[in-house]
Asks: 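The structure's right below; bear with me while I get my questions together.
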Amino acid sequence: MQSNDSEILKENTVPEGEGTAERECCNEQPGNKQPGNEQPEEKSEDTLKKELEEISSRLAQAEDKYLRLMAEYDNFRKRSQKEKADIYPEAIARAVEAFLPVIDNFERALGAGTSDEKYKSGVDMIYHQLLDALTKLEVKAIDRVGEVFDPNLENAVSRIQDDSLGENVVAEVYQKGYIRGGRVIRHAMVVVANCN
């Protein structure tokens, strides 16, 4: 009988290491926490309100920062456009101003007598090319003979008495002035008649 009991025991004995999963499952209780099965803890209504207020505050700050940045960028863009718009006329005026003595010399050369008609024709052609270039740049000569003297456009270098002209009238131009838009590149040098 003892041999039968030992055989029965052997049959019902589980080898070591086997069945541990079954034992662990059986040991689980409904309240026991297992890794990966954690339930989020419920937050109170006050805690949720505080979190919502904090998030709303951060969002408002970020939106304010964004709006300020956009305003600064818009101001920068407008300022850059204005600077570019101001630089272009200034650059043209300086370039034209550098060429004005050359134009003056061509005018003197055309005024001088010469027997070589081909030479005179060549000088005249170059002079007119320069004037065409100025026209393309919207630069105009200030030539106001017979008009009332304007100190914004002309410099009076001398004065004369002439009964055929009115008071403070430009009688003669010594050196042409040039203007582009409303900007005077060079004032004209003029003789003013009947100046007080």
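Keep in mind it's a predicted model, so treat the numbers as computed, not measured.
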Asks: Any carboxylate oxygen within less than 4.0 angstrom of a Lys/Arg side-chain nitrogen, looking at Asp86 and Lys82?
Replies: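 Answer for the salt bridge query: yes.
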Asks: Phe99, Leu137: one ILVMFWY side-chain cluster at the under-4.5 Å cut-off?
Replies: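 No, Phe99 does not connect to Leu137 through the hydrophobic network.
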Asks: Using side-chain heavy atoms (C-beta onward) and a distance below 4.5 Å, is Val169 in contact with Val192?
Replies: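 SC-SC contact between Val169 and Val192 ruled out.
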Asks: Please examine the side chains of Val139 and Arg180, heavy atoms only from C-beta on, and report whether any two atoms are closer than 4.5 Å.
Replies: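 Side-chain contact under 4.5 Å: yes.
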Asks: Does a side-chain N-to-carboxylate-O contact under 4.0 Å join Glu54 and Lys50?
Replies: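 The answer is no: the pair does not qualify as a salt bridge.
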Asks: How many angstroms lie between CD in Glu90 and CZ in Arg183, if you round to the nearest 0.5 Å?
Replies: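 Taking CD in Glu90 and CZ in Arg183, the distance rounds to 4.0 Å.
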Asks: With Ile142, which of Val170, Val190, Leu153 fulfils side chain to side chain contact (heavy atoms under 4.5 Å, CB included)?
Replies: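 That would be Leu153.
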Asks: Roughly how far, to the nearest 0.5 Å, is the OG atom of Ser57 from the CG atom of Leu52?
Replies: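 One gets 11.0 Å once the value is rounded to the nearest 0.5 Å.
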Asks: Please check this pair: side chain of Ser80 against backbone of Phe76, looking for a donor-acceptor N/O pair closer than 3.5 Å.
Replies: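 Side chain of Ser80 to backbone of Phe76: a pair is present.
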Asks: When clusters are formed by joining ILVMFWY residues with side-chain heavy atoms under 4.5 Å apart, either directly or through shared neighbours, do Met70 and Leu67 land in the same one?
Replies: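 The answer is yes; both residues are in one hydrophobic cluster.
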Asks: Kindly compute the distance separating OG (Ser158) from CD (Glu172), expressed to the nearest 0.5 Å.
Replies: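 Those atoms lie 7.5 Å apart.
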Asks: Do the side chains of Glu97 and Arg186 get close enough for a salt bridge, i.e. N-O under 4.0 angstrom?
Replies: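 A salt bridge is absent here (no side-chain N lies under 4.0 Å from a carboxylate O).
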Asks: Is the shortest side-chain N to carboxylate O distance from Arg79 to Asp74 below 4.0 Å?
Replies: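 Result for this pair is no, no salt bridge flagged.
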Asks: Take Val123 and Phe106 through the test side chain to side chain contact (heavy atoms under 4.5 Å, CB included) and record every step on the way to the result.
Replies: CA-CA 7 Å; Val123 170; Phe106 271 105; 3.6 Å; yes
Asks: For residues Asp132 and His128, is any side-chain donor paired with an opposing acceptor at under 3.5 Å?
Replies: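 Note: Asp132 and His128 side chains miss the donor-acceptor criterion.
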Asks: Can you confirm whether Met189 sits close enough to Val173 that some side-chain heavy atom of one is under 4.5 Å from a side-chain heavy atom of the other?
Replies: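 Result no, sub-4.5 Å side-chain heavy-atom pair not found.
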Asks: Is the shortest side-chain heavy-atom distance between Tyr127 and Ile103 below 4.5 Å?
Replies: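 Tyr127 vs Ile103: side chains touch.
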Asks: Quick check on the hydrophobic clustering: are Ile92 and Val102 connected, directly or via other members, by side-chain heavy-atom contacts under 4.5 Å?
Replies: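 Yes, Ile92 connects to Val102 through the hydrophobic network.
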Asks: Report the distance from atom CZ of Phe149 to atom CG of Asn155, rounding to the nearest 0.5 Å.
Replies: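 Answer rounded to 0.5 Å: 7.0 Å.
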Asks: Between Glu45 and Lys49, does any side-chain N to carboxylate O distance fall below 4.0 Å?
Replies: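 Between Lys49 and Glu45 there is a salt bridge, with a charged N closer than 4.0 Å to a carboxylate O.
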Asks: Answer yes or no: is there a donor N or O on one side and an acceptor on the other, between the side chain of Arg94 and the main chain of Ala98, under 3.5 Å?
Replies: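 Answer holds: no.
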Asks: Indicate if Leu110 and Leu100 have the same hydrophobic cluster label, given that clusters are the connected sets of ILVMFWY residues with side-chain heavy-atom separations under 4.5 angstrom.
Replies: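 Both belong to a single hydrophobic cluster.
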Asks: Salt bridge between Glu72 and Arg68, side-chain N to carboxylate O under 4.0 Å?
Replies: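 No, Glu72 and Arg68 are not salt-bridged.
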Asks: Do Leu134 and Tyr178 have side chains that get closer than 4.5 Å, going by heavy atoms?
Replies: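 Contact flag for Leu134/Tyr178 side chains = yes.
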Asks: Which value, rounded to the nearest 0.5 Å, describes the distance between His187 atom NE2 and Ile179 atom CD1?
Replies: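 One finds 8.5 Å between NE2 of His187 and CD1 of Ile179.
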Asks: So how far is it from Leu130 CG to Thr135 OG1, rounded to the nearest 0.5 Å?
Replies: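 If I round to the nearest 0.5 Å, the distance is 10.5 Å.
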